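Worksheet for the structure shown next.
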Number of protein chains: 2
Amino acid sequence: MWKLSRKSEYALMVVQRLGALGPSEQLPASVLADDGDLPRDLTAKILQELRQAGIVQSSRGVAGGYRLVRPLDSVAFLDVVRPFEEHLGLADCVDGDGGCKRAEGCTLQGPVARLNHWLMGHLRGLSMAEFVGPGRGLGLTVDMPQPSTGRVSSDRLGSVRRNAL
Amino acid sequence: MWKLSRKSEYALMVVQRLGALGPSEQLPASVLADDGDLPRDLTAKILQELRQAGIVQSSRGVAGGYRLVRPLDSVAFLDVVRPFEEHLGLADCVDGDGGCKRAEGCTLQGPVARLNHWLMGHLRGLSMAEFVGPGRGLGLTVDMPQPSTGRVSSDRLGSVRRNAL
DNA sequence: GCAAACTCGGACTAATTGAGTCCTATATCC
DNA sequence: GGATATAGGACTCAATTAGTCCGAGTTTGC
Ligand code: FES
Ligand code: FES
């Protein structure tokens, strides 16, 4: 569950880098790759997909390269990541495509869909400018107070916490 | 990114089922599997892991079986899912274990860690009782108003939306 | 004590997904 | 026309996930 694929990480790096460029500047894939120490071919591929997703523009030829279509604060985190995440939903069932044989009578579909919807909404609302901004720029922790009803008190959950950060 | 593993789905089902039981009731793995139409052996495995995580208790022998340690509203969604998600962090870098060679100067580590932390916090605060409750019981959409500063207006994000629900 | 019903837990295999490479075609600038 | 780019598909290899199998340990009832 929700490790970003490495492609997504690369995409985030690249988008961030491009966001720092001046309005008429652009960079070729090779430079973006080398600067970030990323595999060249893979970076090229990623940029292609970002282009198809409408995040970056490209120009070919000798002095070609990539640049952002919109500034960083108009690019949603979710959109940068979406092309590289095969299963963006929380579970397959959520698609509704009748994929799941036990769909009828399933007591999980609803809750999963709700949670998924909530998550997606927030990631769609998170701009790259915010995401990448240093310090408290994220705003997430500020804008969203801890809910109070019926919650688990976190101190009684003393389990592993390996990767929980 | 964040498809739940199938094991997690199964775990959620099983926990939900056990939560509906009376205080002194319990069910063997075989029944839980058959009722939910899940693979028997795998269900048994999942229950073992849930036991190690402190979610369920088991008793062996003839009339043995599994039951919840705590009631549904004291079990965090995150805890049910955690044992089955290898990479719970948003990205490997986040662990900090020096795993990443480009850690120094990385402009992604901070933002990813922040976002990850935020997500984990909310999933830890979501009890199974809430999660699974029908209708608007989730409370997530109620308690958390949409932030307003610097956000992307969602109507200009007209891309794929395949799995976005 | 013994058999039946059940959990425990590791080892193993198969299937899916992810990461990364390679190669060819096409466009642009000088 | 040659150098430098992107475009995009096909392909391989590695990692993870899903699922199976089997032997061992436990409790209950007879
Ligand atoms: S709809 Fe697939 S398991 Fe619920
Ligand atoms: S720390 Fe690993 S890429 Fe940033």
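Chain letters run A, B, ... following the sequence lines, proteins first, then strands; residues in each count from 1. Predicted, not measured: the structure shown is a model, and the values here were computed from it.
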note: Glu49(A), atom CD; dG8(D), atom P; distance rounded to Å ~ 10 Å
When rounded to whole Å, the CZ to P distance for the pair Phe84(A) and dG20(C) reads 13 Å
Taken to the nearest whole Å, NZ/Lys45(B) to P/dT7(C) is 14 Å
Salt bridge (charged side-chain N to carboxylate O under 4.0 Å, His left out) filter on Asp41(B), not counting sequence neighbours, yields none
Gln26(A) CD to dA5(D) P, in whole Å, measures 11 Å
Pairs of donor and acceptor atoms involving the side chains of residues 51-61 of chain B, under 3.5 Å and at least two apart or interchain, shall be tabulated with distances.
unit_1   : atom_1 : unit_2   : atom_2 : d
Ser59(B) : OG     : Gln26(B) : OE1    : 3.0
Ser59(B) : OG     : Gln26(B) : NE2    : 2.9

By side chain to side chain donor-acceptor pair (under 3.5 Å), Tyr66(B) pairs with (sequence neighbours left out) none
Residues at least two apart in sequence or cross-chain that pass side-chain contact (heavy atoms from CB on, under 4.5 Å) with Lys7(B), listed by chain then number, are Ser5(B), Leu42(B), Ile46(B), Glu49(B), Phe84(B)
Check: Is Lys7(A) side chain donor-acceptor paired with the dG20(C) base, going by distance under 3.5 Å alone?
Finding: no
Tightest non-hydrogen contact, residues Val80(B) and Leu50(B), listed as O-CD2, 3.9 Å
From CD1 of Ile46(B) across to C1' of dT17(D) the rounded distance in Å is 12 Å
Separation of dT20(D) atom C1' from Gln48(B) atom CD, nearest Å, is 14 Å
Contacts of Arg67(B) meeting salt bridge (charged side-chain N to carboxylate O under 4.0 Å, His left out) (sequence neighbours excluded), chain-then-number -> none
Sorted by number, residues from residues 59-68 of chain A placing a heavy atom under 4.0 Å from DNA chain C are Arg60(A), Gly61(A), Val62(A)
